[in-house]
Amino acid sequence: MAQKLSKTQQEQTLVRTQRQELKHELAEQYAQRPRNVTYRRRRTTFLVLGVIGILALVFSVLVLWPAPTSQPLGGIPVGTAAPQFHLPVSGGSGIGSSIDLHTLRGHPVILNFWSESCLPCLAEVPYLQRVYARDAAQGKFVLVGVNQADPKDDIRTFGTNYHVTYPLLFDAGNAVDQQYNVTAIPTTYFIDRNGFVRSVFVQPLTPETMKQGLASVGVSFS
């Protein structure tokens, strides 16, 4: 009888011990649970912030990346034939005569669209005149200006006041302007000896862009 009682006590003690161990294990698991949740939340937060940072970087690159300046805004594509035209000379040299683009075949041509009401054009004209006086007048290439916005008499007066010696053509009715799909001025086309467009700049020309444009039509420039 005493042995049975002792065995029962042992079993009860074992059960109590197992219960205590189970409670202790559950308590440990419960204590660890908030820390795991906090870790997961932190990890999620870091991931979200990382994605936002990457998107901000991509946006900055797209906004700040410089746009190409040597491509026309919807103009005649480089490599295609320059549209033919026949226009009267209203300012600069050759007033009273006319110029046919076809007759200039065999010479590189700089075709500059401008207006005296365009401030960037006014800043560009003196530079074009210097280039013309130094190089174009020597037969290296032909430089002509095309104006479709100003009255013919104003073009002549402008040429006189600015001492322009290259031909200033008058595009009455915007026909040539539309042929070349000029969307902003100044716009300058560089046309090679065979009558094909090789470069287009929708901006005032600089020594660097002038050098690029002339190089595209086979003319060295320094």
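Sequential numbering from 1 along the given sequence is applied to the chain's residues. The figures that follow rest on heavy atoms only: side chains count, while hydrogens, waters and symmetry mates do not.
- The two residues S115 and C121 have their closest heavy-atom pair at O-CB, 3.5 Å.
- Nearest heavy atom pair, residue G79 against residue R198, reads CA-NH1, 3.8 Å.
- More than 12 heavy atoms of other residues, nucleotides or ligands shown are found within 6.0 angstrom of NE2 on H86.
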Check step by step if side-chain contact (heavy atoms from CB on, under 4.5 Å) holds for L214 and K140.
CA-CA 10 Å; L214 287 175; K140 292 184 178 180; over 6 Å; no
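- Between the CG atom in L128 and the CG atom in N112 there is a gap of 5.0 Å [rounded to 0.5 Å].
- In this structure, the separation between CG on L143 and CE on M210 is 7.0 Å, given to the nearest 0.5 Å.
- Between the CH2 atom in W114 and the OG1 atom in T188 there is a gap of 12.5 Å [rounded to 0.5 Å].
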Under the side-chain contact (heavy atoms from CB on, under 4.5 Å) criterion, do I110 and Y132 qualify, and how do the steps go?
CA-CA 10 Å; I110 301 178; Y132 179 80; over 6 Å; no
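- Taken from OG1 in T187 to CD1 in I76, the straight-line distance is 11.5 Å, to the nearest 0.5 Å.
- Side-chain atoms of F190 and V219, non-hydrogen and from C-beta on, never get closer than 4.5 Å to each other.
- Atom-to-atom distance recorded for S117:OG and I185:CD1 is 6.0 Å, nearest 0.5 angstrom.
- In this structure, the side chains of Q84 and D100 come closer than 4.5 Å at one or more pairs of heavy atoms.
- In plain terms, the two heavy atoms of Y180 and I191 that are nearest each other are OH-CD1, 4.1 Å.
- Heavy-atom minimum distance, Q212 versus S199: O-OG, 4.3 Å.
- Within the 3.5 Å criterion, the main-chain N or O of F196 finds a donor-acceptor partner in the side chain of D192.
- P207 is listed as a side-chain neighbour of Y127, based on a closest heavy-atom distance under 4.5 Å.
- Note: E116 CD to D154 CG = 5.0 Å, rounded to the nearest 0.5 Å.
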Test side-chain contact (heavy atoms from CB on, under 4.5 Å) applied to F158 and N147, step by step
CA-CA 11 Å; F158 177 87; N147 187 312; over 6 Å; no
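- Sequence neighbours left out, the pairs with a member in residues 157-173 that pass side chain to side chain donor-acceptor pair (under 3.5 Å) are Q129-T165.
- Taking each heavy atom of S90 and K152 in turn, the nearest pair found is OG-CG, 3.1 Å.
- Looking only at side-chain heavy atoms (C-beta outward), V144 and L111 come within less than 4.5 Å of each other.
- Between Y189 and V146 the shortest side-chain heavy-atom distance does not fall below 4.5 Å.
- Atom CZ of R156 has 12 or fewer heavy atoms from other residues, nucleotides or ligands within 6.0 Å.
- Following chains of ILVMFWY side-chain contacts shorter than 4.5 Å, one cannot reach V125 starting from I95, and the two form parts of different hydrophobic clusters.
- The two residues G94 and V89 come nearest to each other via the heavy atoms O-CB, 3.2 Å.
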